[in-house]
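Encoded as structure tokens, the structure appears first; notes follow it.
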Amino acid sequence: MPELPEVEHTRRRLERWLRGARIEHAKSRDARIVRPVSTRAFARQLTGAKIGRVERRGKWIRIDAGTHRLFVHLGMTGWFESPPLDAEPLPFERVTFVLARGRKRVRVSYVDPRRWGRLVLAREDLEAWTALGPDPLSDGIDLDVLQRRLARSNKRSIKEALLDQSVLAGVGNIQAIEALWKAGIDPRSHASALEARDLLALVRALHWTIERTLADLAKGDEGADNPFRVYGRKGEPCPRCATPFTRIELGGRTTTFCPGCQVRRVRAQT
DNA sequence: ATTATTGTTGGTAG
DNA sequence: TCTACCAACAATAA
């Protein structure tokens, strides 16, 4: 599921289901997902809480629950659904909330086959939340600040730097691949070698791919099997220059790009 | 059977 | 303290 656009989509749905509601029950048996308290303490501390704002930074969601804040990260395969109250437990349903708003009751279920996601209950903001870089969808990006953060390491590739959540929050493998293609930048380029106009193009490209993915999600279910321009399209012709897309590995992640029209910028060796 | 997958994190080595 | 690298987490699909 989740990079910035999927998480933002999730936030919007959660806000619809949760905002202004009161938690009647919160149930989980999964101490891997529910943290840092026991599942029992998790249920006890959330019961009765009234839900306020549902916010997002990068891939994290923060839910205001009265005295506590619930931080949600979807990992690789987490998502929320709102099944009927009396429906059977869903496959891989890890956490279940029952909420009341006026006379209406709603069930909100966290589902996560691989269990890499987390629901963290805290009274203060988590370091994982405060240490995030600016969010390219909701924050303005200061190009000078971005350039400084990218230059933190001399040899790191721009692709790896984009996945660093302290540089920009919410960019994942797919969005990075799509944006680098749109900006015409080779993912192997040194992050510290990009010029101001590259960064401007990159920030615009991020906006482009994030808004596009968000629009696809808002359209509802079943889009094309692969709605992306570059990701997962090794061997297919680049829409811009017809050179076949190449696939390499960078920082342990699969990276697809066009060797024909994505320009490689390298820092001079000294 | 084998390989790949939208993401962190914790260990180790430098 | 910092960066870099990598295995681990777990389930499914091709």
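Being a predicted model, the structure only gives us computed values, none of them experimental. By convention in this document, chain letters (A, B, ...) are assigned in the order of the sequence lines, proteins followed by strands, and residues within each chain are numbered from 1.
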Discussion item. Without decimals, in angstroms, what is the distance between Asp225(A) CG and dT5(B) P?
Written reply: 17 Å

Worksheet item: Arg247(A) has an atom CZ; how far is it from atom C1' of dA4(B), in whole Å?
Response: 7 Å

Worksheet item: Salt-bridged, Lys219(A) to Asp216(A), with N to O below 4.0 Å?
Response: yes

Item to complete: Could you state the atom-to-atom distance from CZ of Arg32(A) to P of dC9(C) in whole Å?
Response: 8 Å

Item to complete: Give the rounded distance in Å between these two atoms: CD of Glu160(A) and C1' of dC6(C).
Response: 13 Å

Worksheet, complete the sentence: note: Lys234(A), atom NZ; dA4(B), atom C1'; distance rounded to Å ~ 12 Å

Worksheet item: Closer than 4.0 Å, any side-chain N/O of Arg115(A) to the OP1 or OP2 of dC9(C)?
Response: no

Worksheet item: Whole-Å distance between dC9(C) C1' and Asp30(A) CG?
Response: 12 Å

Discussion item. For dT5(B) and Thr254(A) - does any side-chain N or O of the residue sit under 4.0 Å from the phosphate oxygens OP1/OP2?
Written reply: yes

Worksheet item: Is there a donor in the side chain of Thr10(A) and an acceptor in the side chain of Arg12(A), or the other way round, less than 3.5 Å apart?
Response: no

Worksheet item: Would you say Ser153(A) reaches dA4(C)'s phosphate, i.e. side-chain N/O to OP1/OP2 under 4.0 Å?
Response: yes

Worksheet item: So, for Gln175(A) and Leu206(A), which heavy atoms are closest and what is the spacing to 0.1 Å?
Response: O-CD2, 4.3 Å

Worksheet item: Expressed in angstrom and rounded to an integer, what is the separation of Phe228(A) atom CZ from dT5(B) atom P?
Response: 14 Å

Discussion item. My understanding is that a pair needs two contacts under 3.5 Å, Watson-Crick or G-U wobble. By that rule, which nucleotide pairs with dT12(C)?
Written reply: dA4(B)

Worksheet item: So do Arg240(A) and Gln262(A) actually touch side chain to side chain, heavy atoms under 4.5 Å?
Response: yes

Item to complete: Determine the Euclidean distance between corresponding C1' atoms of dT6(B) and dC5(C); express it in Å to zero decimal places.
Response: 22 Å

Practice prompt. Let me know the distance between CD1 of Ile177(A) and C1' of dT5(B), rounded to the nearest Å.
Written response: 12 Å

Response to the item:
Closest non-hydrogen contact found for Arg56(A) with Ser138(A) is NH2-OG, 3.8 Å

Worksheet item: Base, backbone or nothing for each nucleotide of nucleotides 7-14 of chain B, written B, S, -, heavy atoms under 4.0 angstrom, 5' to 3'?
Response: BSS-----

Item to complete: Would you confirm whether Asp139(A), through its side chain, and Pro136(A), through its main-chain N or O, come within 3.5 Å as a donor-acceptor pair?
Response: no

Worksheet item: What pairs with Ala26(A) under side-chain contact (heavy atoms from CB on, under 4.5 Å), at least two apart in sequence or on another chain?
Response: Ile23(A), Phe42(A), Leu46(A), Phe97(A)

